[in-house]
Amino acid sequence: MALVFQERYSCRRRFHGPKPRTFEPPNLRTFPFFLTFAIQFFNIPGQMNIVSIIQQGVVQGAAHLYQLEISAEDFPLSTTRKEFEGDYTLVVFPFTKHVKKSPEAIAQELGAYLVEQVASIKAFNVIKGFLNLVVDDAYWQAFLQDIYHNPQYGTQAPNGRKVMVEYCSPNTNKPLHLGHIRNILLGWSVSKIYEAAGYDVVRVQIINDRGIAICKSMLAWQKFGEGATPESSGIKSDHFVGDYYVLFEKKFQEEYKTWQQSPEAVALFEEKKKAEQSAEEYFKAYKDQYFNLYSTLGKQARELLLAWEANDPATIELWKKMNGWVYAGFDSTFDKLGVRFDKLYYESNTYLLGRETVDQGLNSGVFYRLEDGSVWIDLEDAKLDKKLVLRKDGTSVYITQDIGTAQVRYQDFGAEKMIYVVADEQNYHFQVLFEIMKRLGEPYAGGLYHLSYGMVDLPSGKMKSREGTVVDADDLIDEVVNEAWENSKERGTLADLSPEAQQEVIRKIGVAALKFFIVKVHPKKRMIFDPKESVDLQGQTGPYVQNAIVRCNSMLNKAGNPDLSAASDYHTLETAEKDIIAQLYQFPEIIKQAAEGYDPSMVAMYSYELAKAFHRFWHDYRILQAETEAAKAFRIQLSMAVRNVLRMGLDLLGIETPERM
RNA sequence: GGCGCUGUAGCUCAAUUGGAUAGAGCACCUGACUACGGAUCAGGAGGUUUAAGGUUCGACUCCUUACAGCGUCACCA
């Protein structure tokens, strides 16, 4: 019997290897083109995208001045750094390869050409090989007019393409922990970002509801539970089941300790020990074998597993009952985090999938069979080794199931892209899986992507459940919300609200703090989660961004329903105003890049920067008491646009904003 | 050992995918606001980007070699 009793992965399934691009050449290539198109034609009605205008101008300038045929991809155009004057910067060094002039001279000539030929470019300056272009205020003015009343600004029209996101994917033997929180937040956020990019998104998870782990919890409850239920004990139901899992481990350790004193164990140690090895070390390494060979508890747990596989009614009933408790507990945590799923896949239904595909693959020569009956695939030419896909007894392994599950999902939804949000320990697994799907000729194989994320460490060191330092998801959420309470009480600004309303506000703030802290870090990087710092509501935090929105709200409420027609008479923009509009302008591009790079942290950092610019503006300028009616109307429009974009940005991170705070 | 990831201010993170003087936040100093819209704003200090080579107009970014931390290399999931 091939059963192993470690549980190294508390949640399912990270990346690297060849660069992400090599995984999906067809999609990534067409993607940016589509979005560029969309930005031009859906988002900014009435006028052309300024970047395209400049690019066209440069292409024409190169042709006119130097008889060069170039395209927009041949030269870099970036936003101007804030220490220089200008809005967009053209790096002219690439031109020196074709034009025998100094970079400065080329920049001067191109700059003069652009100012003369392109209406929206007002001025230019040249520093070394950098051509800084100043966009006319009228352009920004008109742009703001177009977007300020549109709460959907930044999102793309539906493109009819479908993407599936798998995230969370827990085991049912214990509650969710900090690692799941990062997984859930990334998965949810990426799914929202893809929706904003125009995709039809299906959210799924695969739940590991079978196997030896859940049998351990079942056995412990049978033997020691005395009929207790989550209701009778008052414990949150997934924690209730998790407690029995822990209890099983405790009883097993006791049993093991006792056994180690037995003559049988002593003899074994004396015979098999390596030089210099202590009894403690030896038995630590021997634990799994003891479980399989000698342990009474181990034997009973395996019997439960066999009974489950044989569809024994009593066992199935117990299994359903305990899993039901776990699901109820998970659901409440998902609610607290504000996430949901369109479909759940259960391993109890999928663990037999994939075998037929392997049979077909044997015929087509993708796989091969050894004399002992086991089936393999040789991926050495892809630097991935040989990998087993069926055991010699014909049963399937982890990856077989994933092969079958991918196929079933494609039948279910027909998504051209499938994103697996899984920790980076499983990079190799997904490389192998995707390579297999490619060789099987699956039509969606190019659209498979592993969104791999790094482990979350605590300041005290690596998070490990064995040492009991694992941070429970529910505890963590409560802690952050409590901290938000303390902050709010000190401030006293919510005192006139009902307790329920206060609680709702505080919950939104606390959850925002937690989410923003985690999601602002690039997924791939291992990160340190400091509970104390996360609940510090200063600095690069969710509440800071929320506060910018709340400020807009209170100001706009006060303004009532003002006549904004004077805004178009406001002609000379303050630098602070123009900077904010230029930032607003970038939003669709940020969404596009975040989707392309599967990276919510870009949206988080963008939102923070915009909020910061707005806070500064707010401090430096009057809005409702502006000098002129035109300035007032214009600034109200600006605030509305900022509020819309910040709301959307936070929404893409799964963060809600209260009306006040 | 093979394959892979990571290494940036005291700490937590950025850097428009090869562009200008490497930027933010926290913490630490200094300042603004009788609180109006106060969970706000401004300034200072803090760096040989782990090290050494290489590629070029230009390197945190690409290549090579070290060093350090981590992951993975199951007929487990």
Side-chain angles (χ1 to χ4, degrees), chain A residues 2-9 12-18 76-84 89 91 93-94 96-97 103 127-130 132 171 208 210-213 288 347 351 372-376 383-385 388-393 395-399 401-402 423-429 431 452 454-455 457 459 462 484 487-488 490-491 493 509 517 520-522 524-530 533-534 536-541 543-544 546-548 550-555 558 586 589-590 593 597 601-602 605 608-609 612 615-620 622-625 661:
Chain A
L3 292 171
V4 174
F5 304 100
Q6 275 182 324
E7 18 106 43
R8 290 161 66 183
Y9 305 107
R12 189 177 138 88
R13 315 158 215 223
R14 180 191 167 162
F15 150 163
H16 293 288
L77 187 67
S78 54
T79 53
T80 304
R81 298 174 60 135
K82 61 173 176 282
E83 57 267 39
F84 300 101
T89 295
V91 182
F93 287 109
T96 57
K97 288 202 179 96
I127 297 169
K128 295 195 274 185
F130 299 90
N132 299 322
N171 287 352
N208 181 5
R210 61 176 286 275
I212 194 70
D288 290 340
E347 291 199 357
Y351 78 111
D372 67 1
S374 59
V375 180
W376 297 72
K383 291 175 76 176
L384 287 172
D385 246 319
L388 177 106
V389 295
L390 280 184
R391 299 188 184 105
K392 60 189 169 208
D393 62 5
T395 58
S396 53
V397 291
Y398 184 47
I399 202 155
Q401 181 187 164
D402 268 339
D424 62 4
E425 340 173 88
Q426 297 195 48
N427 286 352
Y428 178 73
H429 171 78
Q431 285 183 31
S452 156
M455 183 161 327
D457 291 325
K462 191 181 167 178
N487 256 285
S488 178
E490 254 175 58
R491 210 165 298 280
T493 52
I509 296 172
F517 189 90
K520 74 178 179 189
V521 180
H522 187 104
K524 174 165 132 175
K525 289 181 93 161
R526 195 171 173 135
M527 67 176 287
I528 295 182
F529 180 82
D530 186 340
E533 196 182 323
S534 84
D536 181 355
L537 306 180
Q538 302 292 322
Q540 292 174 331
T541 67
Y544 177 90
Q546 286 178 316
N547 187 232
V550 166
R551 281 182 143 179
C552 287
N553 284 338
S554 65
M555 185 271 291
K558 199 169 167 185
Q586 290 180 307
E589 180 69 15
I590 294 290
Q593 287 178 12
S601 72
M602 294 186 69
M605 292 317 291
Y608 168 76
E609 293 294 339
K612 186 178 166 182
H615 277 309
R616 184 186 301 137
F617 175 71
W618 181 276
H619 181 267
D620 292 345
R622 311 266 90 175
I623 297 174
L624 297 181
Q625 292 85 39
M661 58 193 284

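Per chain, numbering begins at 1; letters A, B, ... match sequence-line order. Quick note: numbers below take in every heavy atom, side chains included, and nothing from hydrogens, waters or symmetry partners.
Rounded to whole Å, atom P of B:U72 lies 13 Å from atom OH of A:Tyr428. Distance CG (A:Asp620) to P (B:U40): 15 Å, rounded to an integer number of Å. Here B:U72 presents its P atom at 10 Å from CZ of A:Arg526, a figure rounded to the nearest Å. For the pair A:Gln426 CD and B:A74 P, the interatomic distance rounds to 14 Å; values are reported in whole Å. Per the geometry, CD1 belonging to A:Ile528 stands 11 Å off P belonging to B:U8, to the nearest Å. In this entry the distance linking CZ of A:Phe529 with P of B:C13 reads 12 Å, nearest Å. Atom pair A:Lys82:NZ and B:A42:P shows a separation of 11 Å (rounding to whole Å applied). Note: NZ (A:Lys525) to C1' (B:G69) measures 14 Å, nearest angstrom.
Taking atom C1' in both B:C41 and B:C33, the straight-line distance is 9 Å, to the nearest Å. On the C1' atoms, B:U17 is 16 Å away from B:A22, given to the nearest whole Å. Here, B:C67 and B:A52 have their C1' atoms 11 Å apart, quoted to the whole Å. Spacing of C1' atoms, B:G4 relative to B:U49, comes out at 22 Å, to the nearest Å. Atom name C1', nucleotides B:G19 and B:A39: the rounded distance is 38 Å, in whole Å. Taking atom C1' in both B:G46 and B:U40, one finds a spacing of 25 Å when rounded to whole Å. For the C1' atoms, the distance from B:C60 to B:A20 is 15 Å, rounded to whole Å. Taking atom C1' on both B:C73 and B:C57, the two are 44 Å apart, rounded to the nearest angstrom.
In this structure a side-chain-to-backbone donor-acceptor pair under 3.5 Å is present from A:Tyr428 to A:Leu384. The backbone N or O of A:Tyr351 sits less than 3.5 Å from a side-chain atom of A:Ser396, completing a donor-acceptor pair. A side-chain donor-acceptor contact under 3.5 Å links A:His615 to the backbone of A:Tyr544.
Looking at every heavy atom in both residues, A:Arg210 comes nearest to A:Glu347 through CD-O, 3.7 Å. Taking both residues in full, the closest heavy atoms of A:Ile590 and A:Met602 are given as CG2-O, 4.0 Å, listed atom of the first, atom of the second, then distance. In this structure, A:Lys392 and A:Asp372 approach most closely via the heavy-atom pair CB-O, 3.1 Å.
Dashed line: the shortest gap from a side-chain N or O of A:Arg622 to OP1 or OP2 of B:G37 is not under 4.0 Å. Dashed line: the shortest gap from a side-chain N or O of A:Lys612 to OP1 or OP2 of B:A14 is not under 4.0 Å. OP1 and OP2 of B:C57 both lie 4.0 Å or more from every side-chain N or O belonging to A:Lys128.
Closest approach to the A:Ser488 side chain among B:A39, B:A20, B:U72 is made by B:A39 (side chain taken as heavy atoms from C-beta onward). Proximity note for A:Asp385 (side chain, C-beta onward) versus B:C73, B:U40, B:C75: the nearest is B:C73. When the nucleotides B:G4, B:A24, B:A42 are ranked by their closest atom to the side chain of A:Lys383, B:G4 comes out on top. Closest approach to the A:Asn487 side chain among B:A39, B:U21, B:A77 is made by B:A39 (side chain taken as heavy atoms from C-beta onward). Across B:C75, B:A20, B:A24, the shortest atom-to-atom separation from the side chain of A:Leu388 is found for B:C75. In the set B:U21, B:C57, B:C13, B:C13 carries the atom at the smallest distance from any side-chain atom of A:Val521. Comparing atom distances between the A:Pro543 side chain and each of B:U21, B:U16, B:A39 picks out B:A39 as nearest. For A:Thr79, taking side-chain heavy atoms from C-beta onward, the closest of the listed nucleotides B:U16, B:U40, B:A77 is B:U16.
Residue contacts for A:Val397: at a heavy-atom cut-off of 4.0 Å it reaches the sugar-phosphate backbone alone, with no base atom in range. As judged by a 4.0 angstrom heavy-atom cut-off over every strand, A:Gln546 is placed among residues making no nucleic acid contact. Residue contacts for A:Ile623: at a heavy-atom cut-off of 4.0 Å it reaches a base atom on one of the strands shown. At a threshold of 4.0 angstrom between heavy atoms, the contacts of A:Arg491 include nucleobase atoms, whether or not backbone atoms are also involved. Within 4.0 Å (heavy atoms only), A:Asp530 reaches no atom of the nucleic acid at all. The residue A:Asn553 sits apart from the nucleic acid: no heavy atom pair falls under 4.0 Å.
The shortest side-chain heavy-atom distance between A:Tyr398 and A:Gln426 falls under the 4.5 Å cut-off. By the 4.5 Å heavy-atom criterion applied to side chains, A:Phe84 and A:Thr89 are not counted as neighbours. At a threshold of 4.5 Å between non-hydrogen side-chain atoms, the residues A:Ser374 and A:Leu390 do not count as touching.
Aromatic stacking of A:Phe130 on B:G19: not satisfied for centres closer than 5.5 Å together with planes under 30 degrees. By the criterion of a centre-to-centre distance under 5.5 Å and near-parallel planes under 30°, the ring of A:Phe84 forms a stack with the base of B:A20.
In the interface, the side chain of A:Arg81 is not paired with the base of B:A20 through any donor and acceptor atom under 3.5 Å apart. For a distance-only test at 3.5 Å, the side chain of A:Asp402 fails to qualify as a donor-acceptor partner of the base of B:A77. Contact annotation: side chain of A:Thr89 to base of B:A20, donor-acceptor pair present below 3.5 Å.
Position along RNA chain B of the nearest nucleotide to A:Phe517 versus A:Tyr608 favours A:Phe517 as the more 5'-ward residue. Mapping A:Leu390 and A:Lys558 onto RNA chain B by nearest heavy atom places A:Lys558 at the nucleotide closer to the 5' end.
Searching all strands for a Watson-Crick or G-U wobble partner of B:G31 with both distances below 3.5 Å returns B:C41. Shown here, B:G18 forms no base pair; nothing in the strands shown gives a Watson-Crick or G-U wobble contact with both key distances under 3.5 Å. B:G53: Watson-Crick or G-U partner is B:C63, with both key distances under 3.5 Å. Across every strand in view, B:C26 sits in a pair with B:G10 that passes the Watson-Crick or G-U test at under 3.5 angstrom.
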